[in-house]
Student: 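Got a structure for you, questions after.
The chains referred to below are lettered A, B, ... by the order of the sequence lines, with proteins before strands, and numbering in each begins at 1. Treat the numbers as computed from the prediction; the structure is a model and nothing was measured.
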Protein chains: 2
Amino acid sequence: MRNRLEEIRKERGIKQEELAAALEVSRQTIGSLENGRYNPSILLAFKIARYFGMKIEDIFIYEEEQG
Amino acid sequence: MRNRLEEIRKERGIKQEELAAALEVSRQTIGSLENGRYNPSILLAFKIARYFGMKIEDIFIYEEEQG
DNA sequence: CTTCCATGTAAAGTATGCTTTCCATTCTTA
DNA sequence: TAAGAATGGAAAGCATACTTTACATGGAAG
């Protein structure tokens, strides 16, 4: 799965730390999502989508996973 | 978070076991989701949505969580 | 060049998602 | 009523999400 988090965050001129605070997660969590180290839980995905006023599918792009 | 999984599955006349097989998860996972014991990962949420030809938001309903 | 700010990333620990195995309950249907 | 099919749910174990702490890197600005 890939995501457009960094792109969308930068469009809005927001720092990782600000986004993290707004979502009540750590800065490292945001960085890890942006750099693809892991996927968000569905709850965090909902929080992110709601924060940006978008749908989950507009931010997180499901592609056939390996396996 | 609540979900309409059981409702949608029954509308289509599918058994938990059939859905589980199609999604490549265990039957217990489907049962646990339907009965709210836990939330799906975002990958599983995507698989479910795609299987039913719906959006994640049409199946999983985010409500302010306690905490 | 130095300093500050934003980001990258790692390690160890906790919480949650998912599996396998197992047994109980409910519904159908013969 | 008996038997099989579908579902509920617990327990233990493994995988992954997320936290806190800590340190490194890169860019901007003095």
Student: According to salt bridge (Lys or Arg N to Asp or Glu O under 4.0 Å), who are the partners of Arg2(B), at least two apart in sequence or on a separate chain?
Tutor: Glu63(B)
Student: Look at Glu34(B) together with Arg9(B) and state whether they make a salt bridge at an N to O cut-off of under 4.0 Å.
Tutor: yes
Student: Given dG17(C), is OP1 or OP2 found less than 4.0 Å from the side-chain N or O atoms of Ser32(B)?
Tutor: no
Student: To the nearest Å, how far apart are Glu18(B) CD and dA5(D) C1'?
Tutor: 12 Å
Student: Verify the contact: side-chain N or O of Gln16(A) to OP1 or OP2 of dG8(C), cut-off strictly under 4.0 Å; return yes or no.
Tutor: yes
Student: Provide, to the nearest angstrom, the distance between the CD atom belonging to Glu24(A) and the P atom belonging to dA17(D).
Tutor: 21 Å
Student: From C-beta outward on Asn35(B), which listed nucleotide comes closest to its side chain: dG9(D), dC18(C), dC18(D)?
Tutor: dG9(D)
Student: Is any side-chain N or O of Gln28(A) closer than 4.0 Å to OP1 or OP2 of dA11(C)?
Tutor: no
Student: Starting from C1' on dG9(D), measure out to CD on Glu34(B) and report it in whole angstrom.
Tutor: 13 Å
Student: Decide side chain to side chain donor-acceptor pair (under 3.5 Å) for Ser26(B) and Thr29(B); before the verdict, give the C-alpha distance in whole Å, the side-chain angles of both, and the deciding distance to 0.1 Å.
Tutor: CA-CA 5 Å; Ser26(B) 68; Thr29(B) 292; 3.0 Å; yes
Student: Does some side-chain heavy atom of Tyr51(A) sit less than 4.5 Å from a side-chain heavy atom of Ile14(A)?
Tutor: yes
Student: Need to verify one output field. Residue with the more 5' nearest nucleotide on DNA chain D, Ile42(A) or Glu6(B)?
Tutor: Glu6(B)
Student: Is the distance from OP1 or OP2 of dT9(C) to the nearest side-chain N or O of Arg37(A) less than 4.0 Å?
Tutor: yes
Student: What is the distance, to the nearest angstrom, from the CG atom on Asn39(A) to the P atom on dA15(D)?
Tutor: 17 Å
Student: Without decimals, in angstroms, what is the distance between Arg27(B) CZ and dT20(C) P?
Tutor: 12 Å
Student: Rounded to whole Å, please give me the gap between CG in Leu33(B) and P in dG8(D).
Tutor: 12 Å
Student: Think Arg9(B) has a side-chain N or O under 4.0 angstrom from the OP1 or OP2 of dT7(D)?
Tutor: yes
Student: Starting at CD1 of Ile48(B) and ending at P of dC18(C), how long is that distance when rounded to a whole Å?
Tutor: 8 Å
Student: Separation of Leu19(B) atom CG from dT7(D) atom P, in whole Å?
Tutor: 10 Å
Student: Under 4.0 Å between a side-chain N/O of Thr29(A) and OP1 or OP2 of dA17(D), yes or no?
Tutor: no
Student: Does Lys15(A) or Ser26(B) map to a spot on DNA chain C nearer the 5' end, using the closest nucleotide for each?
Tutor: Lys15(A)
Student: Can you identify which nucleotide, out of dA17(D), dG8(D), dT7(C), has its nearest atom closest to the Ser41(A) side chain?
Tutor: dA17(D)
Student: Do you know the tightest heavy-atom contact between Phe46(B) and Met1(A)?
Tutor: CE1-SD, 3.7 Å
